[in-house]
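Here's the structure we're looking at; comments come further down.
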Number of protein chains: 2
Amino acid sequence: MVTIKQIADMCGVSRGTVDRVLNQRGNVKPEKSRLIMEMAKKLNYKPNPAGKALVSRRNRPVVGILLPAKGISFFDEVIMAMRLSEKKYGLFGLKSEWRIMDGYDVGKLCAIMDELKPSVNALILNPINDERVRRKIDQFIDDGIFVVAVNNDIEGVKAHQYVGSDYFNGGQTAAALLKMFCPAGAKIGITIGSRSVLGHKQREQGFRALLKGDDRFSVLMTEEDRDDDIYAFERTTAMLKAHPEISAMFLAASGGAYGVCRAIISQKRDQDITVIAFDTIPAIVEMMQKGVVNAAIYQHPRQQGEKAMQIVFDYLVNGIKPDHDLHIMKNDIRILQNV
Amino acid sequence: MVTIKQIADMCGVSRGTVDRVLNQRGNVKPEKSRLIMEMAKKLNYKPNPAGKALVSRRNRPVVGILLPAKGISFFDEVIMAMRLSEKKYGLFGLKSEWRIMDGYDVGKLCAIMDELKPSVNALILNPINDERVRRKIDQFIDDGIFVVAVNNDIEGVKAHQYVGSDYFNGGQTAAALLKMFCPAGAKIGITIGSRSVLGHKQREQGFRALLKGDDRFSVLMTEEDRDDDIYAFERTTAMLKAHPEISAMFLAASGGAYGVCRAIISQKRDQDITVIAFDTIPAIVEMMQKGVVNAAIYQHPRQQGEKAMQIVFDYLVNGIKPDHDLHIMKNDIRILQNV
DNA sequence: TTGTAAGCGTTATCAA
DNA sequence: TTGATAACGCTTACAA
């Protein structure tokens, strides 16, 4: 491992000069600059992140964490993982500013962003897909704040990172699994949080796309449950009454899943309806144990939290830029035995 | 974040003294020692790993990597992940000594261990379950070399780390999945690498345990394929001829899986036999695409490689001891859509 | 028994 | 335009 000092010695200059060249701070004679660059390349110089980490303490690196997540079970695990990472990276001097919001209020989200802005060098957030949020994110990026979108991406903003899953593929995977569980075919009911949530819509699209052209399978209806268990219970009950021929359910969002399952039970359909859900939140694990939910697509919430924090840490503390912008988790399949 | 210097100042001693106390190097007056310990606890002192990492370069930390893995597809991904980690951690000065073995020869393994011993501070290995290997590992541990077993654990040795999966649970998960695919029941054939490989045996046990008591399912026979495709092809062909009533196959090891699948195809049973396999190596993905393999249990080879390297890095370079000894990956389920 | 000083690799400040 | 120096937090050899 070659160091700045070694390059300096070999080029007959001081460490300061080498540093200026490597970090393009200017104020170096072009010929020396060229010599140093070549030497660095020849010796395959890579900065030691430990050295950078030590120095980075002087900038007091701070990451803001902004999640509209209160009461959303899925985020409990994301947050837990982030808390662990916070502890780990805190040892290096990385500080975190947490803001867990209750509900998806765009105005409130923007206000909190404004509040965080002066005190953070990076921001991890679960963005709402709204023009005002987009503009706010662009401001952050323009001001050199490193932005990581987690769980939901937001399109049309400048360079940022996304950590999350491929929703369309999640729906496809669920559909393919359903076909394996019900080789004879099925009449399917879908519940979804809201079509205005991009991810939910994409899951439904993926699901339908995979079934398309196979006439053993038909989707009878899709119901929005607003991520609310009570509402989900009512709507699902109505759905099952209107369509008693339903033999499978696809729960494309975990928010109202508990209500959906309770409706299936109360209609005494829990033994004959095949249910595929998303996320292994406690309510869904409970319904797996009861035999109501057959399988769940797992979005690796812990990995999402870890990855988001790690990207920020590497950037802020170790001075390492991520080598790609998209960090997509697999849609794994969980059943009772491997939950 | 409190530093050694701050503790030293508050206790009216020098950094050296604080260091001696915190790292129990002795040669400190008991009363001062007590004072320093209390202060450190009170201020919740945690050493900055970046400082440690920098210092660690003076010990030239080296990890040995010893895998009897040549030609075993599963390990290709483990190794790829380790290579990436090698690059990442190499920036901090961690060096790696690789030894990829061809086959499972105990004598050769021990010889390579002896050869590595003088030059490494840590060893990652896929151990063979043999008394001589056990003794050799104990020697390493006695001499202060940090040992990480990967993919296969070895029992009866001193304190070490294990990174791998829960084989029994893998078998259970496969069986539960099979039950969902074949609700009407199935006559099952099992192939396994070798019963003398602990993991393979445990998978078979887990598989059988979950089916036990359900008389819709019966295991007709288990065949060992020696992780050899040709042999697997022959044995499976014979199996399918002897038991044409077989309607499901459980491939408990990926070594000979390609041969097994080819036998299923050549017997023209690929459309009516449900196949559950292990690992998503290229041969199995190919067989998924052909519709032969329905699902595979995924052992997270990449995560295994990363984790093993990370544990060594944290220990050797950052001076962080792992907080547990067992690092168990989930047995996830993969089908064609999420492979 | 204790303190001092040097060094790990990087960056920043200041003086030349 | 450049070099010297100090600093980040930790360890360690050596001197006191």
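Each chain gets a letter, A, B and so on, in the order the sequences are listed, and its residues count up from 1. These numbers come from a predicted model, not from an experiment.
- Between A:Gln6 and A:Arg20, the one whose closest nucleotide on DNA chain C sits nearer the 5' end is A:Gln6.
- The CG-C1' distance, from B:Leu22 to D:dG9, rounds to 13 Å in whole Å.
- A heavy-atom distance below 4.5 Å is not found between the side chains of A:Tyr315 and A:Gln161.
- Between B:Tyr298 and B:His300, the two ring planes are perpendicular [angle over 60°; tilted spans 30° to 60°].
- At a threshold of 4.0 angstrom between heavy atoms, the contacts of B:Arg58 include nucleobase atoms, whether or not backbone atoms are also involved.
- Scanning both residues, B:Asp153 and B:Leu326, for their nearest heavy atoms gives OD2-CD2, 4.3 Å.
- You'll find that the side chain of B:Ile4 is closest to D:dC10, out of C:dT11, D:dC10, D:dC8.
- A:Lys32 comes within contact range of the sugar-phosphate backbone alone, with a heavy-atom separation under 4.0 Å but no base atom that close.
- With D:dC10, C:dT2, C:dT11 as the choices, the nucleotide that has an atom nearest any side-chain atom of B:Asn27 turns out to be C:dT2.
- The backbone N or O of B:Asp19 sits less than 3.5 Å from a side-chain atom of B:Asn23, completing a donor-acceptor pair.
- As judged by a 4.0 angstrom heavy-atom cut-off over every strand, A:Phe92 is placed among residues making no nucleic acid contact.
- Outside the 6.0 Å centre-distance limit, the rings of A:His160 and A:Tyr162 are not counted as a close aromatic pair.
- Residue B:Thr3 has its side chain nearest to D:dG9 when only C:dT2, C:dT10, D:dG9 are considered.
- Between the CG atom of A:Asp19 and the P atom of D:dT5 there is a distance of 17 Å, rounded to whole Å.
- You'll find the side chain of B:Thr3 stays beyond 4.5 Å of the side chain of B:Asn48, heavy atoms only.
- In this structure, A:Arg25 reaches the sugar-phosphate backbone alone: every heavy-atom distance under 4.0 Å involves primed, P, OP1 or OP2 atoms, never a base.
- Distance B:Ile36 CD1 to C:dT1 P: 13 Å, rounded to the nearest Å.
- The side chain of B:Pro47 sits closest to D:dC10 out of D:dG3, D:dC10, C:dT2.
- For C:dT2, the OP1/OP2 oxygens have no side-chain nitrogen or oxygen of B:Arg15 closer than 4.0 Å.
- Distance A:Asn59 CG to D:dG9 P: 12 Å, rounded to the nearest Å.
- At C:dT11, one or more side-chain N or O atoms of A:Asn23 fall inside 4.0 Å of OP1 or OP2 (strictly under the cut-off).
- OP1 or OP2 of C:dT11 sits under 4.0 Å from a side-chain N or O of A:Lys52.
- Nearest to the side chain of B:Thr17, among D:dT11, C:dT2, D:dT1, sits C:dT2.
- Counting to the nearest Å, the P atom of D:dT11 and the CG atom of B:Asn318 are 12 Å from each other.
- For the pair A:Gly16 and B:Tyr45, both in contact range of DNA chain D, the more 5′-proximal nearest nucleotide belongs to A:Gly16.
- Atom-to-atom, CZ of B:Arg57 to C1' of C:dT10 comes out at 12 Å; the value is rounded to the nearest Å.
- Heavy atoms of B:Val55 sit under 4.0 angstrom from at least one base atom.
- The nucleotide whose nearest atom lies closest to any side-chain atom of B:Ser14 is, among C:dT4, C:dG7, D:dA7, C:dT4.
- Listed candidates were C:dG3, D:dG9, D:dT12. Nearest to the side chain of B:Leu54 is D:dG9.
- When heavy atoms are screened at a 4.0 angstrom cut-off, A:Asn48 is found touching the sugar-phosphate backbone but no base atom.
- Rounded to whole Å, atom C1' of D:dT11 lies 15 Å from atom CD of B:Gln24.
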